[in-house]
Amino acid sequence: MHQVHGEGFVQLTKSLRGRFALWLGFLLICLLSGFGITAHQLHRINQFEQIDQELKQRVVALSASVRARPGFGERPPPPPYGDRMGPPPPGASPGRPPRRGRPGPFELHGPPPELREIRLLPETSSLFDESKTNGFYFAIWSRGGTLLKRATNAPPDLPIPDRLDGDTQTHTRMRNDFRESFHFTEMSECVLAGRTIKSDLAALRRFTAWLVAAGATVLGLGLWGAWLLVGRAIRPVEDIGATASRISAGNLAERISVDETDTELGRLAGVLNSTFARLEAAFAQQRHFTADASHELRTPLAALISEAQVTLARERTAAEYRQAVEACLEIAQQMRRLTESLLQLARFDAGQERMKSEHVDLTRLIQARVELVRRSASERGIQIICDLAPAECVGDEERIGQLVTNLLTNAIHYNRDGGEVRVTTGTEDGLARLTVSDTGVGIGSEDLRHIFERFYRADKSRARAEGRSGLGLAICKAIVESHGGKIDVSSEPGVGSSFIVRLPAAA
Ligand code: ADP
């Protein structure tokens, strides 16, 4: 049972809601305890101040009665030897009677003031109604400690208060259920007024119980309210968690419903939604890519198999076999180019394509690459014009060479016979610029937005038939971006296209 409770508490401390409620509970307990203790103390002080005031008033009245007694203030006669009022003079033997022939102290001065009867003044008597259960009582002691007078309702075991030398202040003391005020007169007599405070203490206990009950109610209500409010406040967090787990289970189209976009959680949900959207797009792209890649590989593979089957269907001459093997080789080479492009893109995606950082003279590089494609251009009567201003960049010469070759082969491939390819270089705003323009078929505005996507071809059937993979420009874009550059295209169908590459220039 204990363990179950312990586990429940641990669960509570793990949830955001439970933690908040526990902290709030702790805070409320501190605040309520502070408030309760202060209220209790103030109430107690106030209650006792009132009682003390009444007691002091009575002590003053009692003192007045004592002072009004005849003989008060007279110098008390020396006490007879052996009297308990004082020690005998040195040399005197205790209990020895006064000398004969000389008058005794009582004969000269009468009885000492403490032995004369104390009568309470009428206004003082009215302050002590002895018939009241909760009434005030009094007691008066002589300076020797003899009880001179006391109220009938005074408690039987009433000790005389201790006195500090020369102290005539009024003091208050507390004895069990009694509160008492006392004071010593100039004649060292002690007057005391007191009363039972049983009912006051009971009232104080009731007040304390009320405070505790009210505190517990406020604590309970506070915790309950906090539990509800926090539940409401963190509901979006729970929604986010639930949606995230549905998404991780494979439902990428799920989104968190955002009611209030300007709150912290609303903004968080917005950010998560856009992350989920990007994730979904990335997964979709990945799926398309895999599907496209398998499709692209299946086509030449099917051609390869069919070529082989047709060749083997009957006996062939050596020349026919040779022709068939050459066809198969060409298809295999096309497949190799495709797989190499795919591998290269996969390496770019994984950030594993190693890029050197070397000084590249673009003009020299372009001249070399133009020479490689000049023959295929001239076969179709296409003229390559180089307008090369000095331009140098930092990067991987091999990859930038691949980029230039891709752009040149496209410019030749998609050109009209007898057309023109113009290559220019230059620098602008700290960037090296390279432009490859052609006078070919151009690209429609709809296709223009997609031509850098993998496997995208404007003229799908024709391009595939020609063995075009649709990966060339995607690789160009990956190369440029991995150098921190940018590639743009502008085109007009039937007029020609222009590809502009900007790369960080060498310092
Ligand atoms: P492909 O192997 O099909 O050429 P690319 O990625 O190099 O693949 O090009 C993608 C598509 O962009 C091409 O199929 C073509 O439709 C279009 N394209 C690329 N370069 C040019 C160009 N210079 N002129 C016209 N269209 C072009």
Side-chain angles (χ1 to χ4, degrees), residues 285 288-289 291-293 295-300 303 330-331 333-349 353 366 369-370 372-374 376-377 379-386 399-424 434-482 486-501:
Q285 198 184 3
H288 285 145
F289 182 67
D292 286 347
H295 184 73
E296 292 301 323
L297 280 169
R298 210 172 48 193
T299 313
E330 198 181 320
I331 296 169
Q333 276 170 342
Q334 186 194 334
M335 284 175 73
R336 191 176 67 182
R337 280 197 300 276
L338 182 64
T339 47
E340 276 172 0
S341 299
L342 282 172
L343 275 172
Q344 192 177 16
L345 279 171
R347 282 199 301 273
F348 270 117
D349 287 346
E353 183 75 346
I366 287 165
R369 296 288 167 155
V370 165
L372 291 178
V373 296
R374 198 178 285 284
S376 61
E379 276 173 8
R380 291 179 53 209
I382 296 167
Q383 203 190 350
I384 302 180
I385 302 159
C386 292
R399 296 282 159 264
I400 297 172
Q402 186 186 357
L403 159 80
V404 173
T405 306
N406 275 357
L407 293 178
L408 282 173
T409 48
N410 276 356
I412 294 165
H413 185 86
Y414 296 104
N415 217 322
R416 60 181 163 81
D417 289 348
E420 193 183 286
V421 174
R422 183 175 290 270
V423 187
T424 63
L434 148 71
T435 312
V436 179
S437 311
D438 63 64
T439 52
V441 291
I443 309 162
S445 57
E446 185 53 37
D447 296 318
L448 210 55
R449 281 190 276 153
H450 301 287
I451 55 166
F452 291 105
E453 289 171 15
R454 294 164 190 194
F455 299 113
Y456 190 86
R457 299 150 174 128
D459 186 348
K460 288 162 191 71
S461 51
R462 207 183 123 202
R464 188 172 287 130
E466 288 168 353
R468 313 287 303 178
S469 67
L471 293 173
L473 284 182
I475 291 174
C476 287
K477 188 168 183 259
I479 292 172
V480 172
E481 286 180 351
S482 65
K486 200 165 179 277
I487 182 166
D488 294 302
V489 58
S490 61
S491 184
E492 199 176 325
V495 177
S497 311
S498 209
F499 287 83
I500 306 147
V501 174

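Each ligand, and each atom within it, is numbered from 1 in the order the structure gives. Quick caveat: nothing in here was measured; it's all calculated off a predicted structure. We're numbering straight along the sequence, starting at 1.
Some N or O of Arg468 is nearer than 3.5 Å to an N or O of ligand 1, by distance alone. An N or O contact shorter than 3.5 Å is missing between Ile451 and ligand 1 by distance. Ligand 1 has no nitrogen or oxygen under 3.5 angstrom from a nitrogen or oxygen of Gly442.
The aromatic rings of Phe289 and Phe455 lie tilted to each other, with the angle between the two planes from 30° to 60°.
Of all the heavy atoms of Asn410, the ones lying under 4.0 Å from any atom of ligand 1 are found in both the backbone and the side chain. Contacts between Phe499 and ligand 1, counted as non-hydrogen atom pairs separated by less than 4.0 Å, involve the side chain only. At a heavy-atom cutoff of 4.0 Å, ligand 1 is contacted by no atom of Asn406, backbone or side chain.
Remark: ligand 1 atoms within the under-4.0 Å shell around heavy atoms of Tyr456 are 10 (C), 11 (C), 14 (O). Within ligand 1, counting atoms from 1 as listed, the ones closer than 4.0 Å to a heavy atom of Ile443 are 25 (C), 26 (N), 27 (C). Shown in contact with Ser497 at under 4.0 Å from a heavy atom are these atoms of ligand 1, numbered in order with element: 24 (N), 25 (C).
Distances from atom 1 (P) of ligand 1 to the heavy atoms of Ala474, Gly470, Ala458 put Gly470 nearest.
One N or O on the side chain of Arg380 and one on the backbone of Ile412 form a donor-acceptor pair closer than 3.5 Å. Checked by atom type and distance alone, the side chain of Asp438 never pairs as donor or acceptor with a backbone atom of Val421 at under 3.5 Å. Checking side-chain atoms of Arg457 against main-chain N and O of Ser469 turns up a donor-acceptor pair under 3.5 Å.
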| query | Can you list the steps and then say if Arg369 with Ile400 is a side chain to side chain contact (heavy atoms under 4.5 Å, CB included)? | reply | CA-CA 10 Å; Arg369 296 288 167 155; Ile400 297 172; over 6 Å; no

| So Ile487 and Val489, side chain to side chain contact (heavy atoms under 4.5 Å, CB included) or not? Walk me through it. | CA-CA 7 Å; Ile487 182 166; Val489 58; over 6 Å; no

| query | Given the rule in the side chain to side chain contact (heavy atoms under 4.5 Å, CB included) test, do Gln334 and Arg337 qualify, once you have shown the distances and angles that lead to the verdict? | reply | CA-CA 5 Å; Gln334 186 194 334; Arg337 280 197 300 276; 3.9 Å; yes

| request: Check the pair Gln402 / Ile475 against side chain to side chain contact (heavy atoms under 4.5 Å, CB included), numbers first and verdict last. | output: CA-CA 9 Å; Gln402 186 186 357; Ile475 291 174; 3.7 Å; yes

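The closest approach between a heavy atom of Ser469 and any atom of ligand 1 is below 4.0 Å.
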